[in-house]
Q: 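This is the structure I have questions about; it appears just below.
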Amino acid sequence: MVVFSFWQRLLMALINSQKKKTGVIAPKRFVQRLKKQNELFRSYMHQDAHEFLNFLLNELVDILEREDQAAKKEGETLSPSEKTVNGPKNPQANGVQKEPLVTWVHKNFQGILTNETRCLRCETVTARDEAFFDLSLDIEQNSSITSCLKNFSSTETLNAEDKFFCDKCCSLQEAQKRMKIKKPPHILVIHLKRFKYIEQLGRYKKLSYRVVFPLELKLSNTVEDADSEYSLFAVVVHVGSGPNHGHYVSLVKSHNHWLFFDDENVEMIDESAVQTFFGSAQEYSSNTDHGYILFYESLGANKS
């Protein structure tokens with residue numbers, strides 16, 4: 001039995017209400033529901049696309065989990081004869097609860113990071129895994145996604161006041177810390193930290209740095225086991241010079257063609273035009289269209 005979430009039903013209702021088979025869909029009902037679900041989006045202020053992405057993915061997971069629980073409860077109310085015909089609902093092995101529900105969101109977007117800390121006295125390595133839906137990367141001027149990922153996984157020494165408590169030594173010790181991707185996701189979402197708090201200014205500033213994001217990306221130093229190859233298929237672009245105002249547009253690759261989406265305007269662009277959204281080589285530039293969120297799809301045969 002397929003149980004559709006509210007968001008899916010709402011989207012289908014919007015599409016079906018259109019008299020024409022082609023055209024645009026005004027997202028008013030979607031935005032109204034979004035504001036009702038989360039007060040963060042209720043004001044008329046400029047909202048952050050990364051915050052929206054995180055909210056949307058986590059909300060979808062919550063909805064799918066609630067629907068799965070509702071379906072299981074419905075199965076528990078069936079009569080013994082109905083259970084025999086339809087098969088067991090929510091089977092358990094030796095009374096042990098099954099693993100948490102793995103939704104299509106997890107299958108496509110979730111990866112696993114490993115935070116490794118090595119004690120420099122006893123060489124014991126402590127590893128802690130954590131799941132992620134996207135990677136937020138610090139950026140530098142005239143850099144690339146590859147270099148940003150390399151910095152993300154670089155080794156950090158913990159000493160002085162930042163010493164690590166080693167369970168084996170039972171004391172604070174100097175250590176080396178490193179973050180690696182243990183399990184890369186099928187869809188790798190990379191968020192570039194273009195909005196940085198500047199203490200001297202007492203406010204956030206947009207970094208217009210030029211960060212090259214290739215059409216084909218290989219994760220080599222970042223992944224634990226082997227190289228993973230990805231292909232760029234979508235980019236969310238922030239248009240504007242500051243963090244509190246601006247506009248979002250997107251680039252999407254569909255049927256081997258790149259499309260440029262700006263509200264109700266959609267046009268086909270050449271693949272070479274993607275590089276115009278890398279950022280600005282100079283601090284002050286008339287170009288304010290910068291890549292902000294990147295979507296890469298794994299070229300591997302099997303989905304993670």
Side-chain angles (χ1 to χ4, degrees), residues 11 15 22-27 30-31 34 46-57 60 105 108-109 111 133-149 184-195 206-219 228-243 245-282 285-299:
L11 181 59
I15 294 174
T22 60
V24 297
I25 298 174
F30 181 88
V31 174
L34 177 64
H46 178 74
Q47 302 297 337
D48 184 74
H50 181 240
E51 291 178 353
F52 169 73
L53 174 65
N54 280 325
F55 166 74
L56 183 62
L57 291 178
L60 285 170
V105 179
N108 283 285
F109 292 94
F133 282 153
D134 67 273
L135 293 180
S136 291
L137 302 181
D138 291 309
I139 61 175
E140 297 177 351
Q141 178 60 286
N142 295 320
S143 59
S144 66
I145 293 299
T146 303
S147 64
C148 291
L149 285 167
H186 178 61
I187 302 296
L188 175 63
V189 181
I190 296 178
H191 161 237
L192 302 181
K193 294 183 179 180
R194 287 201 175 274
F195 304 115
K206 181 183 177 181
L207 305 179
S208 60
Y209 297 162
R210 177 180 170 83
V211 181
V212 176
F213 44 89
L215 297 177
E216 304 296 329
L217 176 67
K218 181 177 288 188
L219 302 181
S228 296
E229 294 186 54
Y230 286 84
S231 177
L232 182 72
F233 72 92
V235 181
V236 174
V237 176
H238 180 268
V239 181
S241 57
H245 60 276
H247 181 57
Y248 286 108
V249 298
S250 58
L251 316 174
V252 179
K253 188 177 183 180
S254 176
H255 299 89
N256 294 319
H257 294 289
W258 279 95
L259 301 175
F260 177 79
F261 291 83
D262 184 359
D263 290 341
E264 72 274 14
N265 299 313
V266 181
E267 61 180 282
M268 191 177 296
I269 61 173
D270 190 78
E271 187 173 77
S272 61
V274 174
Q275 61 186 293
T276 63
F277 301 97
F278 287 167
S280 309
Q282 295 82 27
S285 172
S286 59
N287 176 24
T288 64
D289 305 0
H290 311 125
Y292 184 48
I293 306 176
L294 314 174
F295 294 81
Y296 282 92
E297 183 175 20
S298 173
L299 294 177

Q: Hey, does the side chain of Q141 reach the backbone of R210 with a donor-acceptor pair shorter than 3.5 angstrom?
A: yes
Q: Test your reading of the model: is there a side-chain donor-acceptor pair from D270 to the backbone of A273, 3.5 Å cut-off?
A: no
Q: For L251 and L259, run side-chain contact (heavy atoms from CB on, under 4.5 Å): C-alpha distance rounded to whole Å, both residues' side-chain angles, the deciding distance at 0.1 Å, then the answer.
A: CA-CA 6 Å; L251 316 174; L259 301 175; over 6 Å; no
Q: For S208, which residues count as a side chain to side chain contact (heavy atoms under 4.5 Å, CB included) partner, sequence neighbours excluded?
A: S280, H290
Q: Check the pair F278 / Y209 against ring-ring contact (aromatic ring centres under 6.0 Å, His included), numbers first and verdict last.
A: CA-CA 8 Å; F278 287 167; Y209 297 162; over 10 Å; no
Q: Assess the pair Y296 and F233: is the distance between their ring centroids shorter than 6.0 Å?
A: no
Q: If you measure from NZ on K218 to CD on E229, what distance do you get to the nearest 0.5 Å?
A: 4.5 Å
Q: Could you tell me which non-hydrogen atom of D289 sits nearest to which non-hydrogen atom of V237, and how far apart they are?
A: C-CG1, 3.8 Å
Q: Report the C-alpha separation of H247 and D262 in whole Å, then their side-chain angles, then the decisive distance to 0.1 Å, and conclude whether the side chain to side chain donor-acceptor pair (under 3.5 Å) test is met.
A: CA-CA 9 Å; H247 181 57; D262 184 359; 2.7 Å; yes
Q: Within this structure, what is the CG-CD distance for the pair L217 and E297, rounded to the nearest 0.5 Å?
A: 13.5 Å
Q: Using 0.5 Å steps for rounding, measure from the NE2 atom of H238 to the CG atom of L192.
A: 13.0 Å
Q: If you round to the nearest 0.5 Å, how far is CZ of F133 from CG of L188?
A: 13.5 Å
Q: Do L34 and F55 come close enough that some side-chain heavy atom pair is under 4.5 Å?
A: yes
Q: Determine whether I145 and V212 make a side-chain contact, defined as any pair of heavy atoms from C-beta on separated by less than 4.5 Å.
A: no
Q: Enter the distance from L137:CG to L149:CG here, rounded to the nearest 0.5 Å.
A: 5.0 Å
Q: Determine whether F295 and V252 satisfy the following criterion, side-chain contact (heavy atoms from CB on, under 4.5 Å), listing intermediate values before the conclusion.
A: CA-CA 9 Å; F295 294 81; V252 179; over 6 Å; no
Q: For the atom pair CG (D48) and CZ (R194), what is the distance rounded to the nearest 0.5 Å?
A: 13.0 Å
Q: Considering only heavy atoms from C-beta outward, does the side chain of C148 approach that of V211 to under 4.5 Å?
A: yes
Q: Dump the intermediate steps for side-chain contact (heavy atoms from CB on, under 4.5 Å) on E271 and K253, then the final yes or no.
A: CA-CA 9 Å; E271 187 173 77; K253 188 177 183 180; 4.2 Å; yes
Q: In the structure I gave you, are the side-chain heavy atoms of D134 and N54 within less than 4.5 Å of one another anywhere?
A: yes
Q: Between Y230 and I187, is there a side-chain heavy-atom distance shorter than 4.5 Å?
A: no
Q: Will you find, in the side chains of Y248 and D263, an N or O donor that is under 3.5 Å from an N or O acceptor?
A: no
Q: Strictly distance-based, threshold 3.5 Å: is any side-chain N or O of K206 a donor or acceptor partner for the main-chain N or O of G240?
A: yes
Q: Do L207 and I139 have side-chain heavy atoms sitting under 4.5 Å apart?
A: yes
Q: Can you find a pair of side-chain heavy atoms, one from W258 and one from L232, that are under 4.5 Å apart?
A: yes
Q: Got a sec: does the CD of E140 have more than 12 other heavy atoms crowding it under 6.0 Å?
A: no
Q: Does F109 have its ring centroid less than 6.0 Å away from the ring centroid of H186?
A: no
Q: Can you see which heavy atom on S147 is nearest to which on S144, and at what distance?
A: OG-O, 2.8 Å
Q: How are the rings of F260 and F277 set to each other: parallel, tilted or perpendicular (split at 30° and 60°)?
A: parallel
Q: Under 4.5 Å between any side-chain heavy atoms of P184 and S298, yes or no?
A: no
Q: Quick one: sort the H191 and H50 rings into parallel, tilted or perpendicular, breaks at 30° and 60°.
A: parallel
